[in-house]
Amino acid sequence: MHPALQGIITIIVGVGGCIGYFYFSNQFLDKVLFPAKGPNIGRNINRANMIRPWLFLAPAIIALGLYLAYPVVETLRLSLTERLPGGGSQWVGLANYSQMFGEPKFWEAMRNNMLWLIIVPAFSTAFGLLAAQLTDRIKWGNLAKSLIFMPMAISFVGAAVIWKLVYDTRPVDQDQIGVLNALYLFFGGTDPQTWLTIPLWNSFFLMIVLVWIQTGFAMVILSAALRGVPEDTIEAAIIDGATPLQIFFKIKVPQIMGTIVVVWTTITLVVLKVFDIVFAMTNGQWETQVLANYMYDKLFRANDWGLGSASAMIIMLLVTPILVWNVYNARKEMR
Amino acid sequence: MDNIAGSKSSLSWIVQISALVMVLLWIFPTAGLLVSSFRTGDQIATSGWWASMFPSEQNLTLRAAAAETQTQIGDVYVIEGNLFGDESGGEISVWGTSSREISAYAAGETAELRRGGTITVQSNGDYRMENAEEFTGNRGQRVFATAESPPEFTLENYRNILISGNNTDNMAKAFFNTLTVTIPATIIPILVAAFAAYALAWMEFPGRALLIATVVGLLVVPLQLALIPLLKFHNEIGIGKGYLGVWMAHTGFGLPLAIYLLRNYMVGLPRDIIENARVDGATDFQIFTKIILPLSFPALASFAIFQFLWTWNDLLVAKVFLIDATGETTVMTNQIVELLGTRGGNWEILATAAFVSIAVPLVVFFAMQKYLVRGLLAGSVK
């Protein structure tokens, strides 16, 4: 069957199935199970209303449970077992973890991930704040925002191609076609550099790609927050003779601190899962490995589910503080 | 706002210029890829894309017509023609007849030829050779010229990538595969999530707060954890790798954000409308379909854009759940990564392929930016 046709059928079946399920299950509840008539009408209506929320929620709960909650438990289990050649698996306790901790590649990935975790959110947030502040005060601010925001729509793979061209290297006797090398030679460099193969530096060149993408996100959120800063606080500062820089750092930034934390944590989450950029640009060579790509290596190249699951659990462990913090805040807000 | 005290200063110029610098810095890399996709492979390999905006100066070795084309006018022998042949090759500024002196003459000047006679070269490449005696030799006179050629762009790359082109370069199939993945994976989670969001926003039942907290928690669970357990699960129920699997995976992974966004929006809808409808005897199902769903359009649009961009740009989920060994179901992101490996130096192919895959999200982005921004503002956990 042609995939497009299959796609259309899936849409029809999926959408029709959803609507049908919701419609008929409600009908069944109201007309057959607990009809709103007869001697027990009051009790029936109450019972129907107790069950109805679960009808609405059932598909979502099943999907969430199966596709997100169950995998967390199953990955934990897999990380403590080892696949046997003939199928089936064997309990090995923490052996996968200790094997992983013994691998230099893992520590390289951890070190790089820590660098990513510090640098990418910091620079994205800082640039985003700068962009928000700059574009809020000019006439063509909306256009400027759109253009800085644009990389958000570009896939990580597309961004990888875009930046690979920037970092491209040609032999010394030819014209450089990568901007970075052209600038490097223009400002007095002697030999064109293969930027992505210089250990440690290359990680930073990869981080630039993510900063370039995430700055737009930070800008949009922070710009909205900056507009929400009460004007009388700024007026008061101006009357007291504050300079624009003082107004920005002492009046505005403290008032949007909450939003800055949100932006920071959101970008941190993106960083922890970053895979495509490294996969497409260096594939972890030249000491650029990160956890997500390390995990992919173990799962699908080395075919070692135990080790792969163990490294996935490390990612989960790093995410957990943010998870707890988010849930705590959401609950506080609902109260 | 900062000029309230009437201190309009030179600061506003600094702001304007820094904003401009920042914008240029941010679009510069993308512009490079876009421009490159309209250049031929030779052009990309020999000069930086930023140079292609301006006329380029090239040193050319051209040849006048051979001696046998000469005509006799009066008592002089003449060879006439254009050094560039039929196509226009640009504008000659300086030229010469010897490889040691390639810039001896300016356009329009006349040079003495070593073997007798003269040659005049115009800036458009027209030349006229005159000699009192007959020209001899089999081959035409060589002319070394420095020509300025205008910027030149081509659609050839797009033709190769989309229409013709060999099997590994052609993106048409991957384009349709991506589309096939994206559309159901965008529509289905919206529907499932909308009902759940309504229940979480407007229905009273025990455990509601716990469920909302769970959704917030699942929002940040890395999907890396789901890869192996779900692949195992898909193999066990017999769907293996394929579209059905990838649709289901994207639905599952998109649900927390969908529920979260939609619930936050629905909670903000006016209570009166819903309670009036209840008093008038509307069932929850009717309230949802007739009132909540139409009113929630902005939130639905926000999530639809997110999910569309995410599924269109995704590489990992497609690699794990969709693309099998035959490669028949490859998506664009995956094909580009493969091209990066096999065609690493062929920037005309890479740039065009990447831009084909970027183009659709960019159109969606610029057309629906309002909803995207609104979704972002609502979606970042406060």
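Throughout, a chain's letter reflects where its sequence line sits, starting with A, and its residues are numbered from 1. Keep in mind that this is a model prediction, so the values were computed, not measured.
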Pick one of side chain, backbone, both or neither for [X], based on which atoms fall under 4.5 Å of a heavy atom in chain A.
| X | result |
| --- | --- |
| B:Phe28 | side chain |
| B:Leu316 | both |
| B:Leu372 | side chain |
| B:Ser36 | side chain |
| B:Met332 | neither |
| B:Leu231 | side chain |
| B:Pro206 | backbone |
| B:Leu179 | neither |

Could you tell me which portion of [X] (side chain, backbone, both or neither) has an atom closer than 4.5 angstrom to a non-hydrogen atom of chain B?
| X | answer |
| --- | --- |
| A:Leu299 | side chain |
| A:Val166 | side chain |
| A:Phe22 | both |

| message | Applying side chain to side chain donor-acceptor pair (under 3.5 Å) as the test, list every pair that has at least one member in residues 195-209 of chain B; sequence neighbours left out. | response |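 For residues 195-209 of chain B: B:Tyr198-B:Asp284.
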What residue in [options] has the most heavy-atom pairs under 4.5 Å with chain A?
| options | result |
| --- | --- |
| B:Thr289, B:Val360, B:Val320 | B:Val320 |
| B:Thr251, B:Leu244, B:Leu211 | B:Leu211 |
| B:Trp312, B:Phe288, B:Phe366 | B:Phe366 |
| B:Ala258, B:Ala193, B:Pro256 | B:Pro256 |

| Which residues share a side chain to side chain contact (heavy atoms under 4.5 Å, CB included) with A:Val72, sequence neighbours left out |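 For A:Val72 the side chain to side chain contact (heavy atoms under 4.5 Å, CB included) partners, ignoring immediate neighbours, are B:Val221, B:Leu225.
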| Is it true that a side-chain atom of B:Trp26 and a backbone atom of A:Trp212 form a donor plus acceptor pair closer than 3.5 Å? |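 Looks like yes, one N/O pair under 3.5 Å.
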| field | Donor-acceptor under 3.5 Å (A:Asp276 side chain, B:Asp314 main chain) | value |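 Flag not set: sc A:Asp276 to bb B:Asp314 has no pair under 3.5 Å.
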| request: Start with the C-alpha gap between B:Gln369 and A:Lys145, add the side-chain angles, then the distance that decides, and say whether side chain to side chain contact (heavy atoms under 4.5 Å, CB included) holds. | output: CA-CA 11 Å; B:Gln369 204 182 358; A:Lys145 276 208 185 86; 5.7 Å; no
| request: Evaluate the side chain to side chain contact (heavy atoms under 4.5 Å, CB included) criterion for residues A:Ser155 and B:Leu315: first the C-alpha distance (whole Å), next the side-chain angles of each, then the deciding distance (0.1 Å), finally the verdict. | output: CA-CA 9 Å; A:Ser155 60; B:Leu315 171 67; over 6 Å; no
| said: Centre-to-centre under 6.0 Å for A:Tyr70 and B:Phe233, is that the case here? | reply: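 No, they do not, as the ring centres are separated by 6.0 Å or more.
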